[in-house]
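Inspection log for the structure reproduced underneath, given as structure tokens.
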Amino acid sequence: MLTRKDIVKTYKEFKQVDYPSIGEDVLQYWKDNQIFEKSIANREGAETFTFFEGPPSANGTPGIHHVMARTLKDIFCRYKTLQGYQVKRKGGWDTHGLPVELQVEKELGITKEDIGKKISVEEYNKKCRETVMRFKNEWDDLTEKIGYWVDLDDPYITFDPKYIESLWSLLKKLYEKGLLYKGYTIQPYSPAAGTGLSSHELNQPGTYKDVKDTSITAQFKLKGEENTYILAWTTTPWTLPSNSALAIGENLDYVKVKTFNPYTHEPCTVILAKARMNAYLNPKAAELKLEDYKAGDKLIPFEVVGEFKGKEMLGWEYEQLFPIPGLTLPNPAFTVVSGDYVTTEDGTGIVHLAKAFGADDFRTLVQNDVPGIFVKDDRGNDLPIVDKQGKFISLVGEYLVEKIAEHGITAHKTYGADDFFVKNYTEDDENASDFKNTDVIISIILKNENKAFKVEKYEHSYPHCWRTDKPVLYYPMDSWFIKTTAYKDRLVELNKTINWKPEATGTGRFGNWLENLVDWNLSRSRFWGTPLPIWRTEDGTEERCIGSIAELEAAIAESIAKGFMEKSPYEGKEIDLHRPYVDDVILVSSKGEKMVRESDLIDVWFDSGAMPYAQWHYPFENEEIFKANYPADYIAEGVDQTRGWFFTLHAIAGMLFDSVAFKNVIANGLVLDKNGNKMSKRLGNAIDPFKTLKEYGPDAVRWYMLSNANPWDNLKFNLDGVTEVQRRFFGTLQNTYNFFALYANLDEFVYDKTKAIPVNKRAELDQWIVSKLQSLITEVEEAMDNYDATKATRAIMSFTVDQLSNWYVRLARKRFWRGDMNEDKQAAYETLYESLLALTQLMSSFAPFYADWLYQNLTASGTDAKASVHLTDWTKAQKDLINTDLEESMELAQTISSLVHSLRKKEKVKVRQPLQRILIPILKEKTKAQIEHLAELIKSEVNIKDIEFIDDASGILVKNVKPNLPVLGKKLGPKMRFVVGAINNWSQKEIAEIEREGKINVAVEGETIELLLEEVLISSQDIPGWSVASDLGVTVALDVTISEELKQEGVARDLVNRIQNLRKDMGLEVQDKINISFDAGNELVNTSVKNFGDYIQSETQAINLNSVANLADGTILDMDDFEISVKVEKA
RNA sequence: GGGCCUGUAGCUCAGGUGGUUAGAGCGCUACACUGAUAAUGUAGAGGUCCGUGGUUCGAGUCCACGCAGGCCCA
């Protein structure tokens, strides 16, 4: 006879599963067999599915959030590959940018100022190049270990000369379209140091200091109205001569108030925000009369004479505050505009705008086409009226000098026209006894001229230059821009065709960003990055944009011929388009003048946004590949990239190719620690991805991340959750496989597709799980086509745990272990096998290692198996195998079984004790048919003999009625509650009437309302005299009478159970036969054995079942109510 | 300060188009089952659906205003 040891094991059996090892083994298998490469090569000639890799920077180590991001990228590429697409995925590295530079500077202990002095640009850039790829190996390692399939051997690298050449060609295209221009932007500027400051420099600790400045609430005289002024407050009075508009909040409330100027005592009408009145008008004066005011009174009376919303003020015109000759402006200057940043927290609720000295000001004025106060230089360029030393230009200075004389202002010295610094006064000045700074002088002038409503010292926080400690000015700085605003409408339109996950990021965060688009500031004053390929003559009259290496080389040759350059900086070495080499190139203008490169680098975001083109060195090479892989079908990055990579991809594609760059995008959220805090190395709550993978294996980590929450929500990463996924999902699936393998090996079952029993010839239960499986495939496919991985993983999990394991296998168990191979048994094996196999494919995108491992365990002996589940073709759902009616029936069966279990529990009758019958009230014929269909299954599951139905005809049904609210609500509206009350009070009589007549009249509030049968819901939840339970509209009553015969059968089942336990204790194998002897002293057992002996023998595989008087050496079995001695021997 | 996201049981999350008593898993408690057994079933405890107003016969769901946390931008 065959024992377990002798059996050839077709399907490997596992006592324990080591998930991390599966990860490692499968990874090695993939490498050895080039599975990734084959998964692409296999699809040669097929339709392409394009994925773009957003390049990470390898100058830091990867974190657990990169596992999230990379998993999300991976799954859809794998899924689409199965679906038959060819999915090329080129890896990439982002190598330029400020973080790299700062890291290098920190390591070298230098600052930006030292570059070119203590260290050459050449050496500095060399250091950056080394640093930026420092952790590439860690990144590659993680990428492999989490199973992110991407081409790491041939990635694009943004510092590569070919990559930069592509960028240059794109920039030249923009330039030729007139979309690249030199302008200015308002940036923090240190007049003391003579340099602009980056926002990073401004965020250094200690740069913001509390300082006391003179603040002025100025009066802007409204045109066309007597003595009426708009009040606006500023802490930088020196910007007032540059005022060219006032901003209000459209929805704020404003008032017009009659009062008197506190300095000149002249009557006036002022306009300010209603919420700011108390700050300017003393509430104590509210009762005073305007007529009673005498010049010099402390309390100044006032009277509100008008109230309106801010939007009513739009377009109002006022007189220029400082009508300096030469600084006049045409309409719409000096008008009221809208500013979304205006609040009533301080000031007057009206903000003074000076185009040159505030970023908000600048933006608002540009959007409203309002000019700013500037003077022209020799070449006709705009210059602000404060120069780069932080001093008013003499035109303004002369005006102020005149005013000082006119108003008889005395100060520590006699001011000349070039003495009016606005922030950085000299030490000598500041220490003088009667020192009056420019702000003070301006305020005196305004006070005297009836143009200041309030002047006071104001303490606030103001940024200072971290090097000179002097206050910073916001100042227009030269910059190169891409004119994205010219394409705003098109970009907005194109965005509407993109499928954003979540949708709100596309319409909200990204959509709003596009709606409020400003020109893209490309300039960066740094060293390590893509140089701007624009050369200019000294006077700026001629410009040239270089678009390729060939063009550059030709231009260099020309320059050498002209004698501007001695030799090419690339002579004898490889071409490198970085600084400093490119700075050494001097070009020749059309007039034969020298042209030097504009010194700026470009924003690194242009680097990454250009990757669709530059990764293929387009347009210089690979035109075919580029065209087949553009635009991307899918991209994914963190939501923080919305205004970064997502935007730059979109902008370049829209402006140069009139196309979207990507059709579908997932913007994923952050990975937080389990308490919802940001992970940081400093706080020690960061999860080490390598350690996590080592401990849990890649599949459970991936699955957890995808199934726990939608990727676009923040994930609170909790290792307990990974454990749970491992236990609940992978554990259950593995158990199911083990169960299959155990019995399949015993029965030497080998799956053969060609000989499989047709589904319609299989058992009802088989047909059911097959149907469920087809539904699952449909569901997963729909979810994945909609880029919803969470839905897909949850559906797979629910099928595996609830349907396949806890229902199908549990109910079908006996078919696997009972008797020899027959058609029914074969069908069970085939059904379970097919389900497992289908699962390996369904889950392979999410859990690529485990799925492949399981696939190979299942198909090891198969003939048509692929080398990997990742090389298979997607198995479409067979719609004809979906049997909705059967699925509904099974749901009923599951509900009924659960109800019977619950009743048994209530009545304290264990499942091993058979019971005679259950009663089910039936109101619909269909329900009855559906239950009858699966009657056998229900009966065996809950161990009862019969299912009986009672219908109306029985006359004993007690019915319940409920209003059908959605239907009634529409019909009745406010009368609902009376009708509902009436229905809830109905007796059987009314229910019978509406069922019989199809309608009934209800009297409510003196009115008669006719109700139709379909407006109420009738159910049956009670059978008089029975113990009943109901759920989901099904009611079950259980007959708990235990007859003599049922009792005997119960004993027989108990005996089987005890003997099975004995077998197990003895260590017998499943197929071992036994002999049983039992003590003849118990009459109940004797009759039970007499009537159910065959059953006991077949269940326990007993050859003999002998009654023995006074069995001496037996085991005493506890049968709950009595004990009996039994002896089991291996036959 | 602005835009956007999130807030439902101790924890993690579901809850088309409003509908009477808000669900699942984990965890906890009790019981049962025992040839998948480090598995499984049943039951129980556990909720101000972030708050306040509003719309409605009826709001976890719609609207407004707040609060808390987060991201991005000033």
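Keep in mind that the numbers below use all heavy atoms, side chains included, and drop hydrogens, waters and symmetry copies. In what follows, chains carry the letters A, B, and so on, assigned in the order in which the sequence lines appear, proteins first and then strands, with residues in each chain numbered from 1.
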Review point. Can you find a side chain N or O atom of R728(A) that sits less than 4.0 Å from OP1 or OP2 on G25(B)?
Key: no

Point to revise | Integer angstrom distance from the C1' of C67(B) to that of U12(B) | key: 24 Å

Practice item. For G47(B) versus A22(B), give the span between their P atoms, rounded off to a whole number of Å. Key: 13 Å

Revision key, fill the gap. Quick note, E724(A) side chain, CB onward, closest among C57(B), G25(B), A14(B) is G25(B)

Review point. Quick one: does R509(A) reach the base of C71(B) with a side-chain donor-acceptor pair under 3.5 Å?
Key: yes

Review point. Once the angle between the rings of W500(A) and F510(A) is folded into 0 to 90°, is it parallel (under 30°), tilted (30 to 60°) or perpendicular (over 60°)?
Key: tilted

**Study point:** Whole-Å gap separating C1' (C11(B)) and CG (D673(A))
**Key:** 14 Å

Review point. Mind checking the C1' distance from C63(B) to G69(B)? Whole angstroms is fine.
Key: 24 Å

Exercise for review: With P as the reference atom in both, quote the distance from A45(B) to U6(B) in angstrom, rounded to an integer.
Suggested key: 33 Å

Check your understanding: So what does V809(A) touch, heavy atoms closer than 4.0 Å: a base, only the sugar-phosphate, or nothing?
Key -> base

Review point. Is A68(B) paired to anything, Watson-Crick or G-U wobble with both distances less than 3.5 Å, and if yes, which nucleotide?
Key: U6(B)

**Study point:** Out of C13(B), U6(B), C73(B), whichever nucleotide has its closest atom nearest the side chain of R794(A)
**Key:** C13(B)

Point to revise | Any side-chain donor near an acceptor of the partner, W807(A) and D802(A), under 3.5 Å | key: no

Review point. Is the F816(A) ring parallel, tilted or perpendicular to the Y743(A) ring (thresholds 30°, 60°)?
Key: tilted

**Study point:** Of the listed nucleotides A74(B), G2(B), A36(B), the one nearest the side chain of Y743(A)
**Key:** A36(B)

Revision key, fill the gap. Per atom distances to the R643(A) side chain, the nearest of G2(B), C13(B), G19(B) is G2(B)

Practice item. Indicate the ring-plane relationship of Y833(A) and F740(A), choosing parallel, tilted or perpendicular according to the 30° and 60° boundaries. Key: tilted

Practice item. Using the P atom as the reference point in each nucleotide, state the distance between G60(B) and G19(B) in Å, no decimals. Key: 10 Å

Check your understanding: When we call it a touch if two heavy atoms are under 4.0 Å apart, what does P963(A) touch: a base, just sugar-phosphate, or nothing?
Key -> base

Practice item. Let me know, please, whether L670(A) or G508(A) comes out on the 5' side of the other along RNA chain B by nearest nucleotide. Key: G508(A)

Practice item. Tell me whether the OP1 or OP2 atom of A74(B) has a side-chain N or O from N516(A) closer than 4.0 Å. Key: no

Study note, to complete from the structure: Testing G70(B), C13(B), A36(B) for proximity to the side chain of R810(A), the answer is A36(B)

Point to revise | Under 3.5 Å donor-acceptor, N714(A) side chain and G669(A) backbone | key: no

Check your understanding: To the nearest angstrom, how far is W520(A) atom CH2 from C73(B) atom P?
Key -> 14 Å

Practice item. Measure the distance from CZ on F729(A) to P on U40(B) and round it to the nearest whole Å. Key: 14 Å

Practice item. Check every strand shown and say whether N668(A) touches a base, only sugar-phosphate, or nothing at a heavy-atom separation below 4.0 Å. Key: nothing

Check your understanding: For the pair made of CG in L706(A) and P in C13(B), what is the distance, rounded to whole Å?
Key -> 14 Å

Check your understanding: Which nucleotide, U20(B), A74(B), C71(B), lies nearest any side-chain atom of D360(A)?
Key -> A74(B)

Check your understanding: Of the nucleotides U20(B), C5(B), C13(B), which has the atom closest to the D713(A) side chain?
Key -> C5(B)

Review point. So, is K716(A) close to the C11(B) phosphate, meaning a side-chain N or O under 4.0 Å from OP1 or OP2?
Key: no

Practice item. Looking at every strand, decide which applies to N964(A) at a 4.0 Å heavy-atom threshold: base, sugar-phosphate, or nothing. Key: nothing

Review point. Quick one: the side chain of S805(A) and the base of A36(B), do they pair up donor-acceptor inside 3.5 Å?
Key: yes

Check your understanding: Can the ring centres of Y737(A) and Y11(A) be said to be less than 6.0 Å apart?
Key -> no

Practice item. Using the P atom on both, measure U8(B) against G70(B) and round to a whole Å. Key: 16 Å

Practice item. Check the distance between A39(B)'s P and F739(A)'s CZ and give it to me in whole angstrom. Key: 17 Å

Practice item. Hey, can you tell me if F357(A) and Y475(A) have their rings parallel, tilted or perpendicular (30° and 60° cut-offs)? Key: tilted

Point to revise | Residue whose closest nucleotide on RNA chain B lies nearer the 5' end, A359(A) versus T505(A) | key: T505(A)

**Study point:** Residue-phosphate contact under 4.0 Å: N806(A) side-chain N/O, G41(B) OP1/OP2
**Key:** yes

Exercise for review: Return the nucleotide paired to A43(B): Watson-Crick means purine N1 to pyrimidine N3 with N6-O4 or O6-N4, wobble means G-U with N1-O2 and O6-N3, both under 3.5 Å.
Suggested key: U29(B)

Point to revise | Sugar-phosphate, base or nothing in reach of N1057(A), heavy atoms under 4.0 Å | key: sugar-phosphate

Review point. If you check every side-chain atom of A504(A), which of A14(B), C4(B), G19(B) has the closest atom?
Key: C4(B)

Study note, to complete from the structure: N943(A) atom CG is separated from U42(B) atom P, nearest whole Å, by 17 Å

Check your understanding: Which base sits across from A38(B) as a Watson-Crick or G-U pair, both distances under 3.5 Å?
Key -> none

Review point. Can you find a side chain N or O atom of R727(A) that sits less than 4.0 Å from OP1 or OP2 on G27(B)?
Key: yes

Review point. In terms of side-chain heavy atoms of K910(A), which of A32(B), G70(B), U20(B) is nearest?
Key: A32(B)

**Study point:** Nearest-Å distance for atom pair CZ/C1', residues F740(A) and A39(B)
**Key:** 19 Å

Review point. On a whole-Å scale, what distance lies between the P atoms belonging to U42(B) and G27(B)?
Key: 15 Å

Practice item. With heavy atoms under 4.0 Å as the rule, sort F647(A) into base, sugar-phosphate or nothing. Key: nothing

Practice item. Determine whether more than 12 heavy atoms belonging to other residues, nucleotides or ligands lie under 6.0 Å from atom NZ of K962(A). Key: no

Revision key, fill the gap. Out of A36(B), C72(B), C57(B), minimum distance to the side chain of N735(A) belongs to A36(B)

Practice item. For N512(A), report the nucleic acid contact type (base, sugar-phosphate, nothing); a contact means any heavy atom under 4.0 Å. Key: sugar-phosphate

**Study point:** Nucleotide C4(B), atom C1' - distance to CG of N495(A) in whole Å
**Key:** 14 Å

Check your understanding: Has K488(A) got more than 12 heavy atoms of other residues, nucleotides or ligands less than 6.0 Å from its NZ?
Key -> yes

Exercise for review: Using the C1' atoms only, state how far G46(B) lies from G23(B), rounded to an integer number of Å.
Suggested key: 14 Å

Exercise for review: Pick base, sugar-phosphate or nothing for T507(A), based on heavy-atom distances below 4.0 Å to the nucleic acid.
Suggested key: nothing

Exercise for review: Scan G721(A) against the nucleic acid and name what it touches under 4.0 Å (heavy atoms): base, sugar-phosphate only, or nothing.
Suggested key: nothing

